[in-house]
Amino acid sequence: MIPFLDLKAQYSQIKPEIDAAVARVVSSGHFVLGPEVTAFEERFADYCRTAHCRAVNSGTSALHLALLAAGVGPGDEVITVSMTFVATTAAILYSGARPVFVDVDPVTWTMDPDLIEAAITARTKAILPVHLHGLMADMDSIMAIARRHGLVVIEDAAQAHGAEYRGRRAGSIGDLGCFSFYPGKNLGAFGEGGAVVTDRPEFARRVSLLRDWGQEAKYDHVIPGYNYRMDEIQSAVLNVKLDYIERWTEARRSLAERYNALLSDLPFARPQPPRYARHVYHVYAVRLERRDDALTLLRDAGIGAGIHYPVPVHLQRAYAELGYRAGDLPVTEKLANDFLSLPIYPELPPERAAEVVGTLRSAAAQQPSAATRVEHPQSVMTWSHNRRAS
Ligand SMILES: *Cc1c(COP(=O)(O)O)cnc(C)c1O
């Protein structure tokens with residue numbers, strides 16, 4: 001048995017500290033937006049190397065408020081990707097704006113900057129890239145396009161705590177960055193949580209107002225707002241865990257290296273972080289033909305595996321009204337068919353990676369011949385460049 005994720009293992013490592021932090025909140029009688037939240041906001045802003053952080057009650061709320069703070073609303077368009085968790089799209093729709101999907105790059109699996117300009121219209125207000133699986137999108141290219149067209153950039157960094165792009169942290173490059181602290185994320189609360197980081201004081205101020213009913217002072221509502229406040233208990237837990245995040249991230253990265261080495265002779269496409277990146281491996285995914293057979297094989301062997309994500313957002317029934325069809329985003333759709341996520345979490349003993357790969361090896365034996373196996377990223381690249389030229 002190797003679970004996909006083991007949250008109990010993490011708790012048992014830091015139980016005394018967590019229990020003390022939770023007990024401190026319970027006896028303080030202060031449960032929402034108090035000293036634990038303020039302390040966490042300061043420390044998480046430092047961690048992200050941004051001037052400001054505002055904690056909220058989920059990653060979805062963080063995205064929603066970042067969009068509102070940036071002035072995105074009805075009639076606007078936001079360019080984003082479909083290879084993500086639905087929350088990215090949902091938050092854009094909450095703001096009243098329309099999501100416009102561009103395809104992802106076949107090597108990094110994140111927003112393909114070469115496709116952005118063709119998607120810009122007079123209504124475009126913002127670009128919302130997603131740092132999928134913990135690998136940052138090509139932010140320099142995205143920022144250059146945004147600046148040229150006067151667009152706001154909001155990073156969906158829900159899977160990318162501590163990830164870096166040319167030495168800069170996730171959330172610190174765009175105008176605003178959004179994080180989730182859902183329990184299974186790299187930095188997870190004991191319930192829901194999220195945060196917006198930014199260098200711009202006016203954005204931080206707007207998020208502060210919006211998350212707490214638009215109150216400037218108690219019962220003085222200067223704008224309409226929401227109840228998106230963070231709990232003290234969640235911040236207390238996050239304050240403890242923030243001391244461990246770097247150690248945990250390095251454990252994820254060395255597990256990923258081990259997987260890469262063990263898988264090197266198998267016909268699977270592995271993650272290929274560009275030189276610019278510090279990948280934090282929220283998810284370790286490979287690509288293979290007949291993925292569903294491999295998934296069954298792993299599950300039968302008691303190994304937790306997953307797919308992130310099996311149906312791209314533009315093909316979800318919930319978003320049919322957006323008018324997208326199968327074939328609109330070919331790279332995204334191919335990834336959804338090929339992706340397979342292997343267990344990765346800091347407490348997973350490194351030697352167990354060999355067990356996972358051993359099982360995958362028998363899946364590889366059942367793969368179709370080389371002629372039909374998954375294209376090498378290089379050949380997908382050529383295809384995608386041809387498409388652009390045409
Ligand atoms: C988890 C996640 C979210 C949403 O965060 P919640 O805290 O679950 O609301 C948004 N975007 C991405 C890419 C995520 O992985």
Side-chain angles (χ1 to χ4, degrees), residues 4-5 7 37 40 44 53-68 78-95 99 101-102 104 108-111 126-137 139 142 153-163 170-171 174 176-197 207 210-211 226-231 233-235 237-238 241 252 279-285 306-314 316 318-319 332 335-336 339 341 344-345:
F4 186 67
L5 178 65
L7 293 175
V37 173
F40 175 69
F44 195 66
C53 168
R54 292 295 180 269
V56 292
N57 63 344
S58 73
T60 309
S61 301
L63 288 163
H64 183 193
L65 296 194
L67 287 156
L68 295 185
V78 177
I79 295 173
T80 190
V81 290
S82 172
M83 180 43 70
T84 181
F85 183 61
V86 287
T88 317
T89 300
I92 295 169
L93 290 167
Y94 293 171
S95 77
F101 298 117
V102 294
V104 292
T108 64
W109 313 333
T110 58
M111 181 179 279
I127 306 177
L128 206 171
V130 177
H131 304 323
L132 190 76
H133 299 172
L135 173 64
M136 286 180 71
M139 290 305 294
I142 293 169
V153 174
I154 298 171
E155 297 175 53
D156 184 339
Q159 305 185 359
H161 315 73
L176 299 122
C178 300
F179 290 87
S180 164
F181 307 118
Y182 184 74
K185 298 290 160 86
N186 285 21
L187 180 62
F190 282 5
E192 308 281 349
V196 178
V197 297
V207 172
L210 287 164
R211 75 173 167 186
Y226 301 84
N227 177 358
Y228 283 177
R229 298 173 299 229
M230 181 176 262
D231 291 335
I233 286 184
Q234 303 309 341
S235 280
V237 167
L238 292 169
K241 289 195 179 188
R252 285 175 184 274
H279 195 323
V280 296
Y281 293 100
H282 173 59
V283 168
Y284 180 93
I307 304 169
H308 300 90
Y309 293 90
V311 180
V313 181
H314 73 287
Q316 294 282 352
Y319 302 110
T332 295
L335 293 175
F339 265 158
S341 312
I344 193 162
Y345 47 93

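Atoms within a ligand are numbered from 1 in the order they appear, just like the ligands themselves.
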Show which atoms of ligand 1 fall inside a sub-4.0 Å distance from at least one heavy-atom site of [X].
X   : value
T88 : 11 (N)
T84 : 13 (C)
A87 : 3 (C), 4 (C), 10 (C)

Of the non-hydrogen atoms in A189 and L238, which two are nearest, and what is the gap between them?
-> N-CD2, 3.8 Å

For the residue pair F339 and W109, categorise the inter-ring angle as parallel (less than 30°), tilted (30 to 60°) or perpendicular (more than 60°).
-> perpendicular

Determine whether more than 12 heavy atoms belonging to other residues, nucleotides or ligands lie under 6.0 Å from atom OH of Y182.
-> no

Regarding [atom]: of the candidates [options], which has the closest heavy atom?
atom                    : options              : value
atom 12 (C) of ligand 1 : S58, A158, G59       : A158
atom 13 (C) of ligand 1 : V56, N57, D156, V283 : D156
atom 9 (O) of ligand 1  : T89, V86, L63, T60   : T60

In the protein, which heavy atom is nearest to atom 15 (O) of ligand 1, and how far is it?
-> Q159 NE2, 2.9 Å

Can you tell me which residue and heavy atom of the protein come closest to atom 8 (O) of ligand 1, and the distance to 0.1 Å?
-> S180 OG, 4.0 Å

Side-chain contact, heavy-atom cut-off 4.5 Å: F44 with F181?
-> yes

Do V78 and I154 have side-chain heavy atoms sitting under 4.5 Å apart?
-> no

What is the distance from atom OG1 of T84 to atom CG of D156, rounded to the nearest 0.5 Å?
-> 5.0 Å

Compute the ring centroids of H308 and F4, then answer whether they are less than 6.0 Å apart.
-> yes

Is the shortest distance from a heavy atom of K185 to ligand 1 less than 4.0 Å?
-> yes

